[in-house]
Amino acid sequence: MTRKTILFTLAMCAASVNLMAQSRTVNQERYPMGFDNNFFGVFYYNDNDIFTVKGNQLFSGKPVADLKYNPANTSLAVLEVDKKGAARVSIYDINPSHRLTDHALRVVKMKDANPTAIAFSANAKELAIASSDKKISFIDAITNKDSKQYMSNIAAKQLVYSDNNYFLAAAEGKTLELWNLERGTIRKTMTMDADIRDVCFTKGSETMEVLTADSKLNIYDTKQFELLYTVDDLGQALACWPNDNGKYVGVVCNSNLISVINVLDPTERHMLQDNNGGISELRMLFHDVRDKNYAIYNNTRAIVYREVEGLTPYYNKMMTSMLNERLNQWMKQMPGESMEDYQLRVNETTRMEQARAIESEIATKMATGLLEQSEVTIGDYNTATKSLALKFNSMPDIFIGVPIDEVSDFTDATKLEFRNAKYGLNPDDKFELIYAEVYNPATGKTYIFDNMERRSLAKMNEDADFVPLEIIQKSNMEETALVGIKEDIFNTAKQENVISDKTHIFVKTEAVNAVNADGQKIVNYNVDFTYEVEEEFSARDDFKPGHYHVEESSAAMLMLKIMTKAFENDFAKYIAQGKRVRIKVKGTADASPINRALAYDGKYGEFDGEPVYKNDELSNITLNKKEGMATNEQLAFARALGVKNYIENEISGLGDMQRDYEYHIEVAKEAGSQFRRISVQYTFIDAF
């Protein structure tokens with residue numbers, strides 16, 4: 001391939017991302033036959049050529065069959081098929097910190113086979129390539145070197161990773177193979193009733209969507225891969241993509257029409273018509289700052305960023321998250337509370353009662369104003385149960401007990417007053433009244449509707465989402481012990497004038513329900529270490545401007561010493577050979593300008609396009625001795641690396657575990673030494 005002379009800079013990236021500010025059609029000179037994106041940044045292809053969304057041509061060569069955009073913004077993988085059917089995969093460097101060259105980083109050719117499908121993992125660490133000889137090969141996406149290979153039963157035409165990197169879906173014709181990537185084995189093989197058009201996983205990998213040529217969308221859970229819902233009447237069913245929370249799925253029904261469907265209630269469909277035609281690809285995105293949903297799609301003339309209005313939040317997901325957070329806090333042993341009193345207050349019965357009360361409180365806050373906006377009418381009277389139906393246009397009906405001789409008093413439903421209303425959520429994500437005092441001003445009488453003992457969300461989720469009580473109690477006791485270790489070490493350091501009382505170190509433990517790649521319920525264990533230093537003392541106790549060695553921060557070193565002591569004692573049992581631990585290390589920096597690159601001594605290694613999370617969005621970073629640190633992001637990264645270096649050298653036994661480090665970096669908007677700090681979270685997988 002040859003390439004037009006072009007420098008792909010950060011400014012160009014920003015130009016594409018800025019399109020998210022509004023719904024917008026970005027016209028192109030050529031038809032975008034297919035595209036891939038990372039958030040609002042898009043690359044598309046037409047025949048032999050690849051373009052940015054701004055219309056800049058990047059590559060020109062063999063006909064493009066598909067392209068995939070590395071989620072860390074470092075590279076493009078391009079599947080090319082010439083007129084004779086010979087195929088290859090070319091990997092191109094698009095890292096904004098690099099100057100583009102005229103050649104691919106790597107070209108993958110196969111002696112007796114052709115590549116048939118490509119996909120990057122969600123964590124940007126590997127590239128999967130399916131081939132006509134029924135193999136799936138994997139390349140390290142950072143080094144571009146071969147890593148492993150699986151023997152499949154199909155020559156996959158589609159490859160899709162799950163968001164949690166547990167699974168790789170491989171599809172050909174009517175057959176779908178689901179690979180358990182932890183074991184390197186096929187978890188399940190499915191045969192559909194028609195050819196598979198598209199496969200996708202929701203964010204968080206809770207469900208998998210399979211679109212088939214018989215105009216159907218099948219939605220499966222990812223625990224046992226059992227069918228949850230089927231949505232039909234989807235036209236030609238060309239492509240699909242779930243929205244951010246998985247409540248809606250967008251489907252390209254034909255070249256002019258996208259339908260965004262509520263999978264919990266398929267009668268709710270939002271139609272996006274585009275008379276230009278040519279729609280073949282779709283992405284659904286949520287912009288949390290603007291609180292808007294967008295569809296990105298192609299037509300014959302443009303890449304279109306279109307706001308999708310009318311999508312409601314996934315209330316049950318929000319409820320579950322808030323319920324568990326509130327309940328876990330309630331289950332902690334109170335300061336000064338004896339074990340006997342704690343066990344009386346917290347048991348399985350009281351936990352369910354508390355869960356029901358919290359659920360009702362949260363749902364009632366969520367549903368604020370719903371009753372006032374509802375149209376109420378008088379329904380039928382059941383003479384056997386002596387109950388009168390009150391009907392709502394926005395909620396299920398309720399039934400109140402009314403003596404037969406008082407039924408005639410209900411003549412005008414609009415005059416009824418609903419006092420002390422409480423709400424719940426149905427499995428279909430709709431609100432319902434579970435308690436209300438119905439006052440009839442015509443007679444001055446009040447009638448009680450009470451369905452508080454309904455099968456609540458708390459009850460439905462009891463087995464799936466609640467951590468066993470004995471584990472919660474164990475976690476609470478260990479957190480108390482961890483606080484004791486912290487206090488002992490901190491007080492000693494303060495007496496020795498190593499640290500001031502303006503540094504505050506925080507420790508926390510939390511048991512969290514999860515599911516492994518085999519579909520088995522497990523409990524993970526989070527152990528968090530963080531600190532803060534009050535502004536006027538941060539330069540004394542924490543990092544000085546431009547410093548990154550962990551030893552240069554008294555606060556950081558004290559936190560790490562507490563960590564070391566904990567893993568030598570109460571938490572040593574979680575460091576077990578062969579077990580998995582995910583270690584999230586965060587480094588931060590302030591907004592002080594770096595006028596001249598700071599020296600980096602290479603103590604923690606050199607990195608080129610390393611995947612990192614910048615303000616929780618996956619990106620990449622480069623750090624080496626030659627160029628040093630020219631940005632605050634690099635400085636924050638160096639601080640995170642110092643923590644990893646300490647952990648690897650000082651935490652005994654950790655080297656025998658399967659360790660997965662995840663780097664997070666943040667740069668504050670303000671300048672000031674109080675914004676230079678680090679934190680660590682250990683997640684011990686299947687800890688109990």
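Here CG of D133 is found 8.0 Å from CG of D112. Values are rounded to the nearest 0.5 Å. In this structure, OG1 on T622 lies 4.5 Å from CG on D608, to the nearest 0.5 angstrom. The distance from the CZ atom of F120 to the CD1 atom of I139 is 9.0 Å, given to the nearest 0.5 Å. From N73, atom CG reaches atom CD1 of I621 across 12.5 Å, with rounding to the nearest 0.5 Å. Put simply, CG on N293 and CG on L285 are 9.0 Å apart, with the number rounded to the nearest 0.5 Å. Put simply, CG on N48 and CD1 on I50 are 10.0 Å apart, with the number rounded to the nearest 0.5 Å.
The shortest non-hydrogen separation linking I261 to V251 is CD1-CG2, 4.0 Å. Across all non-hydrogen atoms, the minimal contact from A155 to T116 is C-OG1, 4.2 Å. Considering all non-hydrogen atoms of both residues, C240 and C200 come closest at SG-SG, 3.5 Å. Across all their heavy atoms, S215 and L234 have their closest contact at OG-N, 2.5 Å. The heavy-atom pair separating F51 from R30 by the smallest distance is CZ-NH1, 3.7 Å. Nearest approach of L79 to A87, heavy atoms of both residues: CD1-CB, 4.5 Å.
A distance-only check finds no donor-acceptor pair linking the side chain of T207 to the backbone of Y220 [under 3.5 Å]. Although no hydrogens or angles enter the test, the distance criterion places a donor-acceptor pair under 3.5 Å between the side chain of S147 and the main chain of F138. In this structure a side-chain-to-backbone donor-acceptor pair under 3.5 Å is missing from T212 to I196. Remark: side-chain polar atoms of S131 are not paired, donor with acceptor, to backbone N or O of A113 under 3.5 angstrom. Counting only distance, with no hydrogens or angles, the side chain of T300 and the backbone of N276 share a donor-acceptor pair below 3.5 Å. Side-chain N or O atoms of K614 include one that pairs as donor or acceptor with a backbone N or O of N620 at under 3.5 Å. Judged by distance alone, the side chain of Q28 and the main-chain N or O of V53 form a donor-acceptor pair under 3.5 Å. With hydrogens and angles disregarded, a donor-acceptor distance shorter than 3.5 Å links the side chain of K317 to the backbone of N245. A donor-acceptor pair is defined here as one N or O able to donate and one able to accept, closer than 3.5 Å; no such pair exists between the side chain of N46 and the backbone of D49. Of the possible donor and acceptor atoms, none in the side chain of N37 sits under 3.5 Å from a partner among the backbone N and O of G41.
Inter-residue side-chain proximity for N70 and K68 is flagged as unmet; no heavy-atom pair is nearer than 4.5 Å. Annotation: side chain of L127 is in contact with side chain of I91 (closest heavy-atom distance under 4.5 Å). No side-chain heavy atom of I186 sits less than 4.5 Å from a side-chain heavy atom of N180. Using a 4.5 Å heavy-atom threshold, the side chains of F684 and K579 count as separate. Between Y150 and L181 the shortest side-chain heavy-atom distance falls below 4.5 Å. Using a 4.5 Å heavy-atom cutoff, the side chains of F286 and D291 are in contact. Counting heavy atoms from C-beta outward, N218 and M192 have side chains that approach closer than 4.5 Å. Side-chain contact between L282 and I258 is present, with at least one heavy-atom pair separated by less than 4.5 Å.
More than 12 heavy atoms of other residues, nucleotides or ligands shown are found within 6.0 angstrom of CZ on R306. In the displayed structure, Q273 atom CD is contacted under 6.0 Å by more than 12 heavy atoms of other residues, nucleotides or ligands. Summarising the local packing, NZ of K109 is surrounded by 12 or fewer heavy atoms from other residues, nucleotides or ligands at distances under 6.0 Å. At most 12 heavy atoms of other shown residues, nucleotides or ligands fall within 6.0 angstrom of atom CG in D193.
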Step-by-step ring pair (Phe, Tyr, Trp, His ring centres under 6.0 Å) determination, Y166 to Y161: CA-CA 8 Å; Y166 275 7; Y161 278 87; over 10 Å; no
Audit row: R183, D518, salt bridge (charged side-chain N to carboxylate O under 4.0 Å, His left out) steps and yes/no: CA-CA 9 Å; R183 297 183 181 276; D518 292 319; 2.6 Å; yes
Can you check side-chain hydrogen bond (donor to acceptor under 3.5 Å, both in side chains) on D274 and N256, steps first, answer last? CA-CA 5 Å; D274 192 317; N256 295 94; 5.8 Å; no
Residues I136, Q149; criterion side-chain contact (heavy atoms from CB on, under 4.5 Å); working and verdict: CA-CA 6 Å; I136 303 176; Q149 191 175 79; over 6 Å; no
Go through it in stages, so that I can follow the logic: the residues are Y31 and N299, the test is side-chain contact (heavy atoms from CB on, under 4.5 Å), and I'd like the CA-CA distance, side-chain angles, deciding distance and then a yes or no. CA-CA 7 Å; Y31 167 42; N299 65 29; over 6 Å; no
Could you walk me through whether R580 and E182 pass the salt bridge (charged side-chain N to carboxylate O under 4.0 Å, His left out) test, one step at a time? CA-CA 11 Å; R580 292 180 56 225; E182 290 184 353; 3.0 Å; yes
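Donor-acceptor pairing under 3.5 Å is recorded for the side chains of K247 and T312. Of the N and O atoms on the side chains of Y44 and N298, not one donor lies less than 3.5 Å from an acceptor on the other residue. A donor-acceptor pair shorter than 3.5 Å cannot be found between the side chains of T175 and E177. With hydrogens and angles left out, the side-chain atoms of D429 and N316 include a donor and acceptor closer than 3.5 Å. S205 and N164 share a side-chain donor-acceptor pair at under 3.5 Å. Counted by atom type alone, E126 and S121 present zero donor-acceptor pairs between their side chains at under 3.5 Å.
Ring geometry for Y305 against F40 counts as parallel: the plane angle stays under 30°, on a 0 to 90° scale with 60° as the upper cut. The aromatic rings of Y663 and F607 lie perpendicular to each other, with more than 60° between the two planes, well past the 30° mark. F167 and F201 have parallel rings, their planes meeting at less than 30° on a 0 to 90° scale where 60° marks the start of perpendicular.
Here the two rings, on F43 and Y69, have centers that are under 6.0 Å apart. Ring-centre distance between Y297 and F35: not below the 6.0 Å cut-off.
The pair R197-D195 does not meet the salt-bridge criterion, since no charged nitrogen lies less than 4.0 angstrom from a carboxylate oxygen. Ion pairing between D660 and K125 holds under the 4.0 Å rule for side-chain N and carboxylate O. Under the 4.0 Å criterion applied to side-chain N and carboxylate O atoms, D82 and R88 are not assigned as salt-bridge partners. We find that K430 and D265 are joined by a salt bridge, their nearest charged nitrogen and carboxylate oxygen being less than 4.0 Å apart. Of the charged side-chain nitrogens involved, at least one lies within less than 4.0 Å of a carboxylate oxygen, so that E172 and K157 count as a salt-bridged pair. The existence of a salt bridge linking E307 and R290 is excluded, since no basic side-chain nitrogen approaches an acidic carboxylate oxygen closer than 4.0 Å.
The cationic atom of K188 (NZ for Lys, CZ for Arg) does not lie both less than 6.0 Å from the six-membered ring centre of F225 and within 45° of the ring axis.
Just one residue in the list D244, D198, D36 forms a salt bridge (charged side-chain N to carboxylate O under 4.0 Å, His left out) with R283, and that residue is D36.
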